[in-house]
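Data first, discussion second: the structure below is written as structure tokens.
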Amino acid sequence: MTTEILTAHAEGDESSTDVFGFWLYIMSDCILFSCLFATFIVLRHNTFGGVGMREITNLPYVFKETLFLLASSFTFGMAILSMYKNHQSRVIGWLIVTFLLGLSFVTMEVNEFANLISEGHGPQTSGAMSAFFTLVGTHGLHVSLGLFWMLVLIIQTAIFKLNPTIRRRLTYLGLFWAFLDIVWIFVFTIVYLMGVA
Amino acid sequence: MSESTTNELVTRNKQGVKTLTSYIIGLVLSLLLTVTAFTIVGRHMMTTEHLYIYVMLLAIIQLFVQIVCFLRLNASPEGRWELMPFIFAVVIVLVLVTGSIWIMLNLNYHMMH
């Protein structure tokens, strides 16, 4: 009887335990980002005679990037809602919209980096630029990996339909994506807004 | 049997409407907070020190808006499992960031004086 209860418990709780595990990963990722933020805040004035945050920040450009990421966070929420309602085609549709918004964000960021490097303000120029590229680049890398993951899930949803495994994977990616948007709030506030203030 | 299925459907539908409302509230609040932050900095509406404090406050408010509305973190018995590691992470982040700033500013001060 005890075994029966244990098995039932394990089966019922399996997915929530898994989601908890993924949540722990996200929390440790938070700590990784906080180290990069601390480094950036300490080094941000060490420009070694080169350009600082004030010179390289283009506020309207950053604002557009922010809107893309915020919108993608919302559309992912819509995909999760469609998943609850078992609308497979809508899930795929919203995921594609989210993917395109996320891709626009990454493209804008890569463009910004490419411009900086071509103007001679690469990460090797000063402590401030190294910290800037590391912090913003790590966030961009997370978003890029999230996009790749989303592409895989779009294909998997189309092939395997909305089975429990796919649902769980979509939930993980949803947590990851919302987390990346939250990190971005602090990137635009600390790096860009405080840079020009 | 059929009654319980209908009930379940109704509950699920209500849950869906509730989630949708919370996503929309989250989106609108985040947009407002973001626009406010960019506007006060873009127009230089106050001194640098004040701007630092206000944009940081706006960011922290937006953090909570997104955590509650998008991540749906809550203090219910099931949600508490997610809440506790979150509080732990927040404590570590605060110690790390404020500790680094404190030590390095102190070091700068003693190098200059």
Side-chain angles (χ1 to χ4, degrees), chain A residues 13 16-17 19-20 22-35 37-43 45 57 59-60 62-63 66-67 69-71 73-78 80-82 84-86 174-175 177-179 181-190 192-197, chain B residues 12-13 15-17 19-20 22-24 26-27 30-31 33-35 37-42 44 46-52 54-56 58-60 62-63 65-67 69-73 78 81-82 85-86 88-90 92-101 103-105 107-108:
Chain A
D13 273 356
S16 75
T17 316
V19 172
F20 177 67
F22 193 75
W23 180 250
L24 286 186
Y25 154 69
I26 288 183
M27 291 300 105
S28 47
D29 224 14
C30 261
I31 293 164
L32 166 81
F33 273 108
S34 76
C35 295
F37 272 113
T39 315
F40 175 81
I41 295 169
V42 167
L43 291 176
H45 292 302
T57 305
L59 275 189
V62 180
F63 184 64
T66 308
L67 289 188
L69 205 59
L70 180 61
S73 205
F74 178 74
T75 53
F76 202 101
M78 300 309 288
I80 295 284
L81 266 182
S82 314
Y84 288 150
K85 290 179 180 164
N86 275 322
L175 283 177
W177 203 253
F179 161 72
D181 195 27
I182 289 170
V183 174
W184 182 254
I185 300 172
F186 289 93
V187 174
F188 81 68
T189 302
I190 292 173
Y192 297 108
L193 290 182
M194 289 189 173
V196 293
Chain B
R12 198 189 265 184
N13 214 16
Q15 197 65 37
V17 171
T19 315
L20 180 63
S22 112
Y23 285 152
I24 293 174
L27 180 70
S30 301
L31 268 178
L33 291 164
T34 308
V35 170
F38 275 88
T39 314
I40 60 172
V41 173
H44 258 282
M46 44 194 106
T47 58
T48 304
E49 288 76 29
H50 280 105
L51 277 178
Y52 276 15
Y54 280 102
V55 290
M56 208 54 219
L58 287 169
I60 290 167
Q62 197 175 343
L63 164 77
V65 166
Q66 294 209 3
I67 288 221
C69 296
F70 290 163
L71 279 176
R72 314 298 315 273
L73 195 67
E78 313 89 69
W81 275 93
E82 270 83 37
F86 172 72
F88 179 60
V90 168
I92 294 202
V93 167
L94 285 178
V95 170
L96 245 163
V97 175
T98 50
S100 307
I101 297 171
I103 291 171
M104 294 313 286
L105 284 185
L107 197 66
N108 270 349

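Owing to the predicted nature of the structure, the values given are computational and were not obtained by experimental measurement. In the text below, chain A, chain B and the rest are named by the order of the sequence lines, each starting its count at 1.
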*Using modelled atom types only, decide if a donor and an acceptor are shared between the side chain of Ser22(B) and the backbone of Cys69(B) within a distance under 3.5 Å.*
yes
Option that, when pairs with chain A are counted at under 4.5 Å, heavy atom only, ranks first among [options]:
options                                : result
Ala37(B), Ala89(B), Ser30(B), Pro85(B) : Pro85(B)
Thr48(B), Leu27(B), Leu31(B), Val55(B) : Leu27(B)
Leu71(B), Leu51(B), Ile60(B), Leu94(B) : Leu71(B)
Gln62(B), Glu82(B), His44(B), Arg72(B) : Glu82(B)

Chain A contact via [X] - which portion, at a heavy-atom distance below 4.5 Å:
X        : result
Met56(B) : both
Leu96(B) : both
Val90(B) : neither
Ile40(B) : neither
Leu73(B) : side chain

*With a 4.5 Å cut-off on heavy-atom pairs, point out which of Leu70(A), Leu59(A), Ile31(A) contacts chain B the most.*
Leu70(A)
*Contact winner vs chain B - Ala197(A), Ala178(A), Gly174(A), heavy-atom pairs under 4.5 Å*: Ala197(A)
*Measure across Val93(B) and Cys30(A) and return the closest heavy-atom pair with its distance rounded to 0.1 Å.*
CG2-O, 4.2 Å
_Stepwise side chain to side chain contact (heavy atoms under 4.5 Å, CB included) test for Leu58(B) and Thr189(A)_ = CA-CA 9 Å; Leu58(B) 287 169; Thr189(A) 302; over 6 Å; no
_Flag if over 12 foreign heavy atoms under 6.0 Å of OH, Tyr54(B)_ = no
So for [X], is it side chain, backbone, both, or neither that comes closer than 4.5 Å to the heavy atoms of chain B?
X         : value
Leu24(A)  : side chain
Tyr192(A) : neither
Leu175(A) : both
Val42(A)  : side chain
Ile26(A)  : neither

*Indicate the ring-plane relationship of Phe38(B) and Phe63(A), choosing parallel, tilted or perpendicular according to the 30° and 60° boundaries.*
perpendicular
*Would you please classify the geometry between the Phe70(B) ring and the Tyr23(B) ring as parallel, tilted or perpendicular, with 30° and 60° separating the classes?*
tilted
*When you look at Phe188(A) and Thr34(B), which way does the side chain to side chain contact (heavy atoms under 4.5 Å, CB included) test go after all the steps?*
CA-CA 9 Å; Phe188(A) 81 68; Thr34(B) 308; 4.0 Å; yes
*Would a 4.5 Å heavy-atom cut-off, applied to side chains only, mark Val183(A) and Phe37(A) as touching?*
yes
_Suppose we call two aromatic rings close when their centres sit under 6.0 Å apart. Are Tyr25(A) and Phe22(A) close by that rule?_
yes
_Do Ser73(A) and Trp177(A) pair up side chain to side chain, a donor and an acceptor below 3.5 Å, judged on atom types alone?_
no
